Engineer: 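My structure is below; once you've seen it, I'll send some questions.
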Amino acid sequence: MTTSGMQVDGKLPAAYRATFREYSKQLDGLHSLLQGNPAPDRIESVRLLVEKARVAHNAARDRLARELVRPPLPAHAKVDDSHIRQTAQLLWEVAGRPEGSAERDWKRAEQLVRTSGA
């Protein structure tokens with residue numbers, strides 16, 4: 001991903017999405033397990049998998065956020081639409097992909113990109 005002449009590692013968004021999918025999968029597994037009458041040791045082992053996935057996801061999220069944050073742009077600087085689009089998509093994904101949020105996500109992304117200087 002290129003933003004204002006800076007290269008953002010394309011692996012970071014992919015890692016973020018992959019860790020989110022794994023975390024979601026582990027949470028679904030725990031939820032399914034709790035529908036029955038599982039042994040306490042089984043609950044604990046699955047809970048540990050959920051926690052491991054959560055920690056990995058948070059680390060990927062933080063790496064991506066650090067890469068996206070830059071010094072603020074001057075008020076007259078042109079903002080890169082592709083970076084706004086990618087930021088809006090990340091906001092949408094983080095929010096759980098709600099329907100009808102495109103305009104709100106775009107405006108928030110535009111604000112974030114401008115204030116971060118990315």
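Keep in mind that what you see is a predicted model, and the values were worked out from it rather than measured.
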Engineer: Apply side chain to side chain donor-acceptor pair (under 3.5 Å) to Lys25 and list each qualifying residue two or more places apart in sequence or on a separate chain.
Structural biologist: none

Engineer: Give me the atom names and distance for the closest heavy-atom approach of Ser101 to Pro98.
Structural biologist: OG-O, 3.3 Å

Engineer: State which residues pass side chain to side chain contact (heavy atoms under 4.5 Å, CB included) with Ala109; sequence neighbours excluded, sorted by chain then number.
Structural biologist: Ile84, Thr87, Ala88, Leu91

Engineer: Just so I know, are the side chains of Leu90 and Asp105 near enough to count as touching, which here means a heavy-atom distance under 4.5 Å?
Structural biologist: no

Engineer: Can you pull out every ring pair (Phe, Tyr, Trp, His ring centres under 6.0 Å) where at least one residue sits in residues 90-110? Sequence neighbours excluded, please.
Structural biologist: none

Engineer: Tell me every residue that passes side chain to side chain contact (heavy atoms under 4.5 Å, CB included) with Ser32, counting only those two or more places apart in sequence or in another chain.
Structural biologist: none

Engineer: Report the residues that fulfil side chain to side chain contact (heavy atoms under 4.5 Å, CB included) with Asn58, sequence neighbours left out, ordered by chain and then residue number.
Structural biologist: Arg54, Arg61

Engineer: Under the rule for salt bridge (charged side-chain N to carboxylate O under 4.0 Å, His left out), what residues qualify as partners of Lys107, not counting sequence neighbours?
Structural biologist: Glu103

Engineer: Where do Ala53 and Gln26 come nearest, in terms of heavy atoms and distance?
Structural biologist: CB-CG, 3.9 Å

Engineer: Just to verify, what does Arg47 make a side chain to side chain donor-acceptor pair (under 3.5 Å) with, not counting sequence neighbours?
Structural biologist: Glu44

Engineer: Tell me, which pairs form a ring pair (Phe, Tyr, Trp, His ring centres under 6.0 Å) where one or both residues lie in residues 28-68, sequence neighbours left out?
Structural biologist: Tyr16-His57, Phe20-His57

Engineer: Sequence neighbours excluded, which residues qualify as side chain to side chain donor-acceptor pair (under 3.5 Å) partners of Ser24?
Structural biologist: none

Engineer: Please list, chain by chain and in numerical order, all residues satisfying side chain to side chain donor-acceptor pair (under 3.5 Å) with Arg17, sequence neighbours excluded.
Structural biologist: Glu93

Engineer: Which Ile, Leu, Val, Met, Phe, Trp or Tyr residues join Ile43 in one cluster when any pair of side-chain heavy atoms under 4.5 Å counts as a link?
Structural biologist: Tyr23, Leu27, Leu30, Leu33, Leu34, Val46, Val50

